[in-house]
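As structure tokens, the structure follows; a few thoughts come after it.
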Number of protein chains: 4
Amino acid sequence: MNVATDSPRRQQLTRIAARLFMQQGFDRTTVRMLADAMGIKSGSLFHHFADKQEILCAVIEDSTRHALFSARRALADAAPTTRARLLALARVHLDTLHDDRHAHGVALYEWRRLSDEDREHLTHLRDAYETLWLQVIEEARRAGQVQGDAAIITRYALGALNWTARWYDPDGPMDTAQLAHELVDMIVAPAS
Amino acid sequence: MNVATDSPRRQQLTRIAARLFMQQGFDRTTVRMLADAMGIKSGSLFHHFADKQEILCAVIEDSTRHALFSARRALADAAPTTRARLLALARVHLDTLHDDRHAHGVALYEWRRLSDEDREHLTHLRDAYETLWLQVIEEARRAGQVQGDAAIITRYALGALNWTARWYDPDGPMDTAQLAHELVDMIVAPAS
Amino acid sequence: MNVATDSPRRQQLTRIAARLFMQQGFDRTTVRMLADAMGIKSGSLFHHFADKQEILCAVIEDSTRHALFSARRALADAAPTTRARLLALARVHLDTLHDDRHAHGVALYEWRRLSDEDREHLTHLRDAYETLWLQVIEEARRAGQVQGDAAIITRYALGALNWTARWYDPDGPMDTAQLAHELVDMIVAPAS
Amino acid sequence: MNVATDSPRRQQLTRIAARLFMQQGFDRTTVRMLADAMGIKSGSLFHHFADKQEILCAVIEDSTRHALFSARRALADAAPTTRARLLALARVHLDTLHDDRHAHGVALYEWRRLSDEDREHLTHLRDAYETLWLQVIEEARRAGQVQGDAAIITRYALGALNWTARWYDPDGPMDTAQLAHELVDMIVAPAS
DNA sequence: CATGAATGAGCCTTCATTCAT
DNA sequence: AATGAATGAAGGCTCATTCAT
């Protein structure tokens, strides 16, 4: 289940699956579509994954690990100000959501399609990611730069960013850096 | 297609469908499930709707009209301050999202399942709804109470609220009024 | 589950299934073959049966009820001698095994293919049938006409008859009455 | 194809296959199950057997040769009385049916799964075995110890014994010697 | 309006078999 | 010999939709 233990072939197939899942949704993506995109026959898919569910699980696990890792590194590299740290998180979130792998969007929008078992298995990963946000926002709140309930602000911020999957065009005129700035400006008290 | 022209029976069936679509998603809700919940046989469903797509279209049209109507009335009733008007919109949004009809959530999360034809037909309704938000936020921006790009703030606000469908429990300790307040506090400059 | 409650259509389909199951075995009979023989499409089959297992269960239940009913009536009609009663049972067994319905053979040779649940459900029927045999043989033993353990003799007799499914040709020169006589002669002490 | 020419490795694999075929039936035993039980991968199996059919053929040939050889030796060792000779045959039959190799049962119950070609190839072996029985029973009939048609009695006897595969528990209180005695008592006129 | 039976296209999955390494 | 990846045909089953009654 660990990304580190996944064979390169499996990782490769996982990324292809992520793209299709994001484009059409898990339910509408047939294993034949997946196999076609992977350049193999549908039966061969089951050498790498036990069933279709496991592909979804692999996509979500992979993408969540990737987002978590990227966020941690971005925080480590960021200047120690509230704005800088929030900006780092927002940029990572948007970048993982809109990069060519699309996998983060699958994690968000197909979460309910996971089997109960897989969902439980992945919950701690997702929680770890959200905790990163919560901590930074909680710091900001204590510093007086953010007002209200930190947990709700966190969810509002993530919701605002997640919804960009529905309207933001990465090939359009605006880049993710600008989007991230807008978010931070919205959350953090302006004059500070 | 117009709500006004829908027979009471069809409206009743539409509401039942909305609940199932929200609980399990459009793709996972079979025509037989719908018929069961409606107390009829699956064949009979097609006396009321031409096909499954039309049911989704009816649900989304109904819910969007409802949200639009509610929002307009709330704005008409609201005090003429930025905060009051925004608060009114946020409450309506949350209430239509979490009431027992669930239909607004279907409009948001199953939008992509509409046929191209239906989507086009419903786009003006949705745009009308979003325009309501955009106008209020644009007013606020001109009044200096909101900073940044009004269009983006609008989408961020809606995204933040839409995402509550994923985590907010209407039966929990917090009510939608508090949630709405948190949102307005987040968007509108505090000291004003 | 009761034969009496089966729709005529379902009974008709059950008989066709019995023939195919006997000819090729349950595992080698595909639902498409069944549907072809029934003159319908494979999907339509599942309006009458929940799954393939249920077809097998229906065949076995139907045939065992039929054999049980026939055996009881034959015993009621038989003269009250050991030989006559045994002969009656043997003829019914052979006739139900080799008639055009073939269903009894399915009950015998596909018993292990039943799901655990179905098997349990049908065991009491089969036991009722075997008990009929056991009682007659036990009577014979007490009358000194049969020697040895009644339970084993019963199973040997049934095994001998069941095996005819593998070699006896109903269209050949010998009829089931002669076969039945041979069995009774083998079991019952000759001079009596 | 001849046992004598089979490599020890192939014989070993054949025995493992026999166990699985008996436990679950030929059709339900997959090549992967066989390979797992053999401690190799499924692809490797085809270095030892051309296809799955050949495995079944090998199992049946092996077991039938074994039964034939055992029966001949038992007859050679038996006292020259009808009862003793029949008893010897019955014991060998039961022992080969219920020993840890299970292979004889496969020969009986999966005979129809053989390809036409293989079946023809093995028929002479099976006939040789049945002829052994037929000869002894024919002797008994001529000696007045068995009544009726020798061919039918032979088949009835074999059927009775074969059916033990369905109900006899080798680990239970009764041993095969007792079972064999019951059979002989059933067939052979008692007092004579 | 309602129903039960039927349809046909398609879905996920299985499995014996092949073959380059 | 052995393996792992791939194949292709088939299998059981689902489901939106139709239609005679």
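The figures here come from the full heavy-atom set of this structure, side chains too, leaving out hydrogens, waters and symmetry mates.
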*Atom CE of A/Met38 and atom P of F/dA5: how far apart are they, to the nearest Å?*
14 Å

*What is the distance, rounded to the nearest whole Å, between atom CG of D/Leu56 and atom C1' of E/dA16?*
15 Å

_Closest non-hydrogen atom pair between D/Asp118 and D/Gln53, with its separation_ = OD2-O, 4.0 Å

*asked:* Testing the basics here: between D/Asp27 and D/Lys52, what is the closest heavy-atom pair and its distance to 0.1 Å?
replied: O-NZ, 4.0 Å

*From A/Arg112, A/Arg119, A/Arg113, residue fulfilling salt bridge (Lys or Arg N to Asp or Glu O under 4.0 Å) relative to A/Asp116*: A/Arg119

*Rounded to the Å, how far apart are C/Leu13 CG and E/dA6 C1'?*
12 Å

Nucleotide N/O of nucleotides 17-21 of chain E paired with protein N/O under 3.5 Å:
from	atom 1	to	atom 2	distance (Å)
E/dT17	OP2	D/Lys52	N	2.7

*Between F/dA2 atom P and D/Arg10 atom CZ, what is the distance in whole Å?*
14 Å

*asked:* Closer than 3.5 angstrom, by distance alone: can the side chain of B/Asp36 be matched with the main-chain N or O of B/Gly39 as a donor-acceptor pair?
replied: no

*Tell me whether the OP1 or OP2 atom of F/dG11 has a side-chain N or O from C/Arg28 closer than 4.0 Å.*
no

*asked:* What is the separation between atom CG on D/Asp36 and atom P on E/dA16, rounded to the nearest whole Å?
replied: 12 Å

_A/Ile60 versus A/Leu122, closest heavy-atom pair with distance_ = CG2-CD1, 3.7 Å

*Ignoring hydrogens and angles, tell me if any N or O in the side chain of B/Arg32 forms a donor-acceptor pair with the backbone of B/Ser42 under 3.5 Å.*
no

_Tell me whether the NZ or CZ atom of B/Arg126 lies within the 45° cone about the ring axis of B/Trp111 and under 6.0 Å from its centre._
yes

*Between atom CZ in D/Phe21 and atom C1' in E/dA16, what is the gap in whole Å?*
12 Å

*Between A/Lys41 and C/Asp27, name the one whose nearest nucleotide on DNA chain F is closer to the 5' end.*
A/Lys41

*Closest contact, heavy atoms only, A/Met22 versus A/Ala165*: CE-CB, 4.3 Å

*Provide, to the nearest angstrom, the distance between the CG atom belonging to B/Leu45 and the C1' atom belonging to E/dG4.*
15 Å

_Between P on E/dT14 and CZ on A/Phe49, what's the gap in Å once rounded to a whole number?_
15 Å

*asked:* Wobble G-U and Watson-Crick pairs count when both distances are under 3.5 Å; given that, what is the 5' to 3' dot-bracket string of DNA chain F, with | for pairing to other strands?
replied: .||||||||||||||||||||

_5′-ward residue of the pair D/Ile40/A/His48 relative to DNA chain F_ = D/Ile40

*Would you say C/Arg9 reaches E/dA6's phosphate, i.e. side-chain N/O to OP1/OP2 under 4.0 Å?*
yes

*Which class fits the ring pair D/Tyr109 and C/Tyr109: parallel under 30°, tilted 30 to 60°, perpendicular over 60°?*
tilted

